[in-house]
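As a basis for the values below, the full set of heavy atoms in this structure was taken, side chains included, without hydrogen atoms, waters or symmetry mates.
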Amino acid sequence: MMLCASVFAQSKGGIITTQSEVSTTYIFASLGAFIPTKESYRLNFSNSFVGLPIEVSGGLLFPVGSEIFVPFTVRYDRRTANFVTGMTMSVTSIEPGVRYFFEREHGKEFRFFGGVEGILADASVSGSYDVSPSGTVTGSALAQRDYFNIGLGFDLGLMYPLTPTTSLEAIVHLSSFLASPVANGGIGNIGGVSISAAYRFGF
């Protein structure tokens with residue numbers, strides 16, 4: 001969806017500034033690295049994708065004026081347990097939030113922004129075990145448990161527009177989870193710092 005009419009035009013000292021196209025919805029995708037903040041998480045789980053801390057995310061971004069945007073992000077990363085062979089943990093989170101640009105748009109210039117999100121996460125822990133009903137291993141089965149969590153996310157980023165409807169972004173994202181404590185059978189705070197690059201496309 002595109003607003004094809006001019007959003008604003010102002011004349012001051014013979015200089016006219018116009019913004020002819022404003023996208024009402026953006027789609028974005030990003031690829032980055034995830035670094036856990038808790039030492040226990042770093043010791044117990046390692047990266048499962050060729051040893052790299054890869055994290056993927058994507059979603060929608062809705063402008064509310066020229067400085068405030070509303071992002072809706074889905075984030076995913078996967079880890080391998082170091083203490084149990086064949087055990088993995090996949091974390092999928094849904095993160096609605098608010099993003100604020102610290103400066104107005106001035107053509108093709110870098111813009112800094114900050115953001116905050118609420119996080120709803122599902123950490124799915126799974127692993128295989130031997131089946132031996134009569135003392136002899138006859139096969140294997142899969143065990144899985146989901147740990148649901150809530151938390152907060154904080155962003156600091158830099159955006160550079162490529163065209164009126166596309167841009168590149170570099171984002172540092174800090175996540176902290178508040179529920180699922182280890183004392184109650186949970187897995188604790190599995191948050192961390194994500195450093196990613198994103199591509200945004202408006203329509």
Side-chain angles (χ1 to χ4, degrees), residues 28-61 69-102 112-130 140-159 168-200:
F28 66 90
S30 67
L31 181 67
F34 174 77
I35 305 170
T37 52
K38 291 291 185 179
E39 183 179 7
S40 59
Y41 190 24
R42 293 195 298 268
L43 293 175
N44 291 325
F45 291 90
S46 59
N47 307 312
S48 63
F49 186 81
V50 296
L52 299 177
I54 291 179
E55 175 187 86
V56 295
S57 63
L60 299 174
L61 190 63
F69 285 48
V70 176
F72 185 86
T73 306
V74 177
R75 196 180 304 272
Y76 175 83
D77 64 76
R78 186 173 181 269
R79 296 288 178 268
T80 299
N82 298 328
F83 53 90
V84 179
T85 302
M87 180 178 174
T88 62
M89 179 170 67
S90 301
V91 181
T92 304
S93 61
I94 298 174
E95 306 174 7
V98 176
R99 176 182 296 184
Y100 177 76
F101 285 90
F102 299 122
F112 285 96
F113 62 85
V116 61
E117 300 90 19
I119 303 176
L120 303 174
D122 174 21
S124 179
V125 179
S126 62
S128 59
Y129 63 92
D130 294 332
S140 63
L142 180 68
Q144 179 175 322
R145 181 173 178 180
D146 293 312
Y147 297 87
F148 297 99
N149 215 325
I150 60 173
L152 293 173
F154 304 92
D155 294 339
L156 185 62
L158 182 66
M159 185 272 287
L168 293 176
E169 298 177 348
I171 306 171
V172 177
H173 170 79
L174 172 65
S175 59
S176 180
F177 292 91
L178 309 174
S180 189
V182 176
N184 294 342
I187 55 177
N189 183 4
I190 57 172
V193 177
S194 302
I195 303 173
S196 60
Y199 175 76
R200 190 177 78 181

Take atom OH of Tyr76 as the centre, draw a 6.0 Å sphere, and report whether it contains more than 12 heavy atoms from other residues, nucleotides or ligands.
-> yes
Given side chains that start at C-beta, do those of Phe28 and Thr73 come closer than 4.5 Å, heavy atoms only?
-> yes
Can you find a side-chain donor-acceptor pair between Ser30 and Ser57 that sits under 3.5 Å?
-> yes
Is there any salt bridge (charged side-chain N to carboxylate O under 4.0 Å, His left out) pair reaching into residues 83-98, and which pairs are they, with sequence neighbours excluded?
-> Arg75-Glu95
Given the options Val125, Thr80, Asn44, Met89 meets side-chain contact (heavy atoms from CB on, under 4.5 Å) only with Val125
Hey, could you give me each pair passing side-chain hydrogen bond (donor to acceptor under 3.5 Å, both in side chains) that has a residue in residues 31-41? Not counting sequence neighbours.
-> none
CG (Asp146) and CG (Asp122) are apart, to the nearest 0.5 Å, by 4.0 Å
What's the shortest heavy-atom distance between Phe177 and Gly191, and which atoms?
-> CD1-N, 3.5 Å
Taking the side chain from Ser124 and the backbone from Ser90, do they hold a donor-acceptor pair closer than 3.5 Å?
-> no
Does the side chain to side chain contact (heavy atoms under 4.5 Å, CB included) test come out yes or no for Leu120 and Ile150, once each step is laid out?
-> CA-CA 5 Å; Leu120 303 174; Ile150 60 173; 3.8 Å; yes
Compare every heavy atom of Asp77 with every heavy atom of Glu55, then report the nearest pair and how far apart it is.
-> OE2-OD2, 3.7 Å
State the CG-CD1 distance between Asn47 and Ile54, to the nearest 0.5 angstrom.
-> 8.5 Å
Spell out, as yes or no, whether a donor-acceptor pair under 3.5 Å connects the side chain of Asn149 to the backbone of Ala179.
-> yes
Taking all non-hydrogen atoms of both residues, which atom of Ser176 and which atom of Asn189 are closest, and how far apart?
-> OG-ND2, 3.6 Å
Of all heavy-atom pairs linking Ala123 and Val91, the shortest is CB-CG2, 4.1 Å
Non-hydrogen atoms of Asn82 and Ser46 that approach each other most closely = OD1-OG, 2.9 Å
Minimum side-chain heavy-atom gap Phe72-Ile94 below 4.5 Å = yes
Could you grab the distance from atom CZ of Phe34 to atom CZ of Arg79, nearest 0.5 Å is fine?
-> 6.0 Å
Glu169 CD to Tyr199 OH distance, which is reported to the nearest 0.5 Å | 11.5 Å
Which heavy atom in Ser175 sits nearest to a heavy atom in Ile119, and how many Å separate them?
-> CB-CD1, 3.8 Å
Validate the cation-pi geometry between Arg99 and Phe113: distance from NZ or CZ to the six-membered ring centre under 6.0 Å, angle to the ring axis within 45°.
-> yes
Rounded to the nearest 0.5 Å, the CG atom of Leu174 sits from the CD1 atom of Ile35 at a distance of 11.5 Å
For the atom pair CZ (Phe45) and CZ (Phe83), what is the distance rounded to the nearest 0.5 Å?
-> 4.5 Å
